[in-house]
2 protein chains.
Amino acid sequence: MDFSIGELARRTKVKVPTIRYYEQIGLLLPPPRTEGQQRRYDKNAIARLAFIKHARELGFDIEAIRALLSLQDNPDQSCSVADRIAKARLAEVEERIVSLNALRAELRRMVEECASGRVAECRVIETLADSSHGHGRLAET
Amino acid sequence: MDFSIGELARRTKVKVPTIRYYEQIGLLLPPPRTEGQQRRYDKNAIARLAFIKHARELGFDIEAIRALLSLQDNPDQSCSVADRIAKARLAEVEERIVSLNALRAELRRMVEECASGRVAECRVIETLADSSHGHGRLAET
DNA sequence: CTTGAACCTCTAGTCACTATAGAGAATACG
DNA sequence: CGTATTCTCTATAGTGACTAGAGGTTCAAG
């Protein structure tokens with residue numbers, strides 16, 4: 001019925017050091033320990049960790065997840081906070097897609113125009129050296 | 001003809017500490033100093049820093065930029081290395097766009113289905129808690 | 001009982017900066 | 001020339017979300 005951190009890692013596909021890290025920053029409660037101080041988990045831990053994992057995959061940051069978890073723990077509250085967090089994340093993602101599309105366009109142009117000759121006439125290098133590019137923060141990746 | 005680090009920062013829109021950082025990691029050569037040990041730059045520094053800035057905006061990492069700069073410094077080499085670096089970056093960006101599109105779809109579904117009632121029946125929280133989601137690393141943002 | 005995989009804590013490293021502190025240098029104005 | 005303001009200097013630490021490593025302990029199988 002209860003199992004080790006390695007088993008939890010296997011079942012959730014979250015790495016062992018990451019689980020310990022989540023405990024350290026307070027996303028996971030410290031579980032009971034064996035006499036030898038090894039952590040023992042139950043299926044509630046799987047559910048909570050799966051929640052965290054899924055939220056991370058969707059790009060929510062730790063603070064957002066902390067808020068979402070506390071909502072999950074208090075199901076009588078209004079869900080407007082959850083809604084707001086999700087909408088904010090959606091807006092970020094949409095903005096990001098726009099700038100990555102611009103990025104892709106410029107990279108494609110660069111690559112297509114490269115004649116694979118000498119650097120002296122390379123469009124890749126030339127494009128980078130060209131200072132007439134006004135875009136703000138395109139990348140951040 | 002020569003100017004301070006603050007002036008270079010203003011002209012390239014790269015922050016002063018970032019310029020010093022680039023010097024520290026060897027992307028920019030240490031410039032001459034005044035008697036009082038303040039850095040003095042010329043227009044070559046503007047060009048090089050603009051190159052770096054543009055490459056960063058396109059999401060090239062420091063190591064890639066180091067390679068691109070060394071190509072720029074030796075224009076007789078083949079440009080196939082530059083081509084390869086740019087293509088690799090393009091591939092990264094395209095992969096990223098694909099996963100962000102999947103992300104956007106899931107977030108939209110979440111947000112649309114949220115009836116803004118109690119958390120107990122909130123689709124946002126429910127979706128996150130649902131462990132039947134097999135996508136690998138979607139986000140990383 | 002012995003082996004060896006899995007576990008423990010703690011510290012430091014990743015990336016590309018950004019922030020802060022405390023001190024000295026340069027410039028504008030009166 | 002004095003002084004006030006702004007700029008610059010170095011050095012160190014912090015960011016987010018982990019990941020890697022050292023060095024030691026515990027557990028379960030055989």
Side-chain angles (χ1 to χ4, degrees), chain A residues 1-28 30-41 45 49 51-69 88-89 92 96 136-141, chain B residues 2-28 30-41 45 49 51-69 89 92 96 136-141:
Chain A
M1 201 66 236
D2 60 346
F3 43 85
S4 72
I5 196 169
E7 185 60 26
L8 179 60
R10 240 166 284 123
R11 295 199 201 180
T12 57
K13 281 161 196 151
V14 174
K15 288 178 193 143
V16 169
T18 304
I19 296 171
R20 285 197 277 248
Y21 169 72
Y22 286 160
E23 181 183 324
Q24 193 193 313
I25 63 172
L27 287 192
L28 293 175
R33 304 278 186 126
T34 62
E35 261 185 68
Q37 298 309 311
Q38 299 196 357
R39 293 167 178 82
R40 291 302 145 191
Y41 295 94
L49 186 49
F51 183 102
I52 295 169
K53 188 193 182 211
H54 191 191
R56 285 295 299 132
E57 284 166 351
L58 291 171
F60 291 100
D61 65 22
I62 299 291
E63 284 319 299
I65 295 174
R66 214 186 283 283
L68 291 168
L69 281 169
R89 178 64 191 144
E92 276 172 28
R96 200 102 179 66
R137 69 211 70 84
L138 278 183
E140 298 155 36
T141 317
Chain B
D2 59 347
F3 42 85
S4 72
I5 197 169
E7 185 61 25
L8 179 61
R10 239 167 283 123
R11 294 200 201 179
T12 56
K13 281 160 196 151
V14 174
K15 286 175 194 146
V16 169
T18 304
I19 297 170
R20 285 197 277 249
Y21 169 72
Y22 286 159
E23 180 183 326
Q24 193 194 312
I25 63 173
L27 287 193
L28 293 175
R33 304 277 188 129
T34 63
E35 260 184 71
Q37 298 309 310
Q38 298 196 357
R39 293 167 178 83
R40 290 303 145 191
Y41 295 94
L49 186 49
F51 183 103
I52 295 169
K53 188 194 181 208
H54 191 191
R56 285 295 298 132
E57 284 167 351
L58 290 171
F60 291 100
D61 64 22
I62 299 290
E63 283 319 299
I65 294 173
R66 215 186 283 283
L68 291 168
L69 281 169
R89 178 65 191 144
E92 277 172 28
R96 200 102 178 66
R137 71 211 69 84
L138 279 184
E140 297 156 36
T141 318

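A note on names: the letters A, B, ... follow the listed sequences, proteins ahead of strands, and every chain is numbered from 1.
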Asker: Need to verify one output field. Residue with the more 5' nearest nucleotide on DNA chain D, Lys15(A) or Glu35(A)?
Answerer: Lys15(A)
Asker: The side chain of Arg20(B) lies closest to which of these nucleotides: dT8(D), dT18(C), dT26(D)?
Answerer: dT8(D)
Asker: Which heavy atom of Ala9(A) sits nearest a heavy atom of Val16(A), and at what distance?
Answerer: CB-CG2, 3.6 Å
Asker: Please find the pair of heavy atoms, one from Ile65(B) and one from Arg56(B), that lie closest to each other, and give the distance.
Answerer: CD1-CD, 3.4 Å
Asker: Please compare Arg10(A) and Tyr22(B) by the position of their nearest nucleotide in DNA chain C and report the one closer to 5'.
Answerer: Arg10(A)
Asker: Reckon Arg33(A) touches a base, only the sugar-phosphate, or nothing at all at heavy-atom distances under 4.0 Å?
Answerer: sugar-phosphate
Asker: Between Ile52(B) (CD1) and dC15(C) (P), how many Å, whole number?
Answerer: 17 Å
Asker: Quick check on DNA chain C: between Pro17(B) and Gly36(B), whose nearest nucleotide comes earlier from the 5' end?
Answerer: Pro17(B)
Asker: Given atom CG of Leu8(B) and atom P of dC9(D), what is their separation to the nearest angstrom?
Answerer: 11 Å
Asker: Provide, to the nearest angstrom, the distance between the CD atom belonging to Glu7(A) and the P atom belonging to dA6(C).
Answerer: 11 Å
Asker: Can you figure out which of dA25(C), dC17(C), dA17(D) approaches the side chain of Asp61(A) most closely?
Answerer: dA17(D)
Asker: Rounded to the nearest angstrom, tell me the gap between atom CD in Glu63(B) and atom P in dC15(C).
Answerer: 8 Å
Asker: Write down the distance between CD (Gln24(B)) and P (dA13(D)), rounded to a whole number of angstrom.
Answerer: 14 Å
Asker: What are the two closest heavy atoms between Arg66(B) and Ile25(B), and how far apart are they?
Answerer: NH1-O, 2.8 Å
Asker: Looking at dT19(D), dC8(C), dC18(D), which one has an atom nearest to any side-chain atom of Gln38(A)?
Answerer: dC8(C)
Asker: Let's see if you can work this out: which of dT9(C), dT8(D), dA16(C) has an atom nearest to the side-chain heavy atoms of Ser4(B)?
Answerer: dT8(D)
Asker: Categorize Ile5(A) for me: base, sugar-phosphate, or nothing, with a 4.0 angstrom heavy-atom threshold over every strand shown.
Answerer: sugar-phosphate
Asker: So how far is it from Thr12(B) OG1 to Tyr41(B) OH, rounded to the nearest 0.5 Å?
Answerer: 10.0 Å
Asker: Base, sugar-phosphate, or nothing: which does Arg39(B) touch, judged by heavy atoms less than 4.0 Å apart?
Answerer: sugar-phosphate
Asker: Roughly, in whole Å, what's the span from CG in Leu28(B) to C1' in dC17(C)?
Answerer: 14 Å
Asker: Between C1' on dC17(C) and CD on Glu57(B), what's the gap in Å once rounded to a whole number?
Answerer: 15 Å
Asker: Checking Arg20(B) side chain against Ile5(B) main chain: does a donor-acceptor pair fall under 3.5 Å?
Answerer: no
Asker: Separation of Ile19(B) atom CD1 from dA16(C) atom P, in whole Å?
Answerer: 18 Å
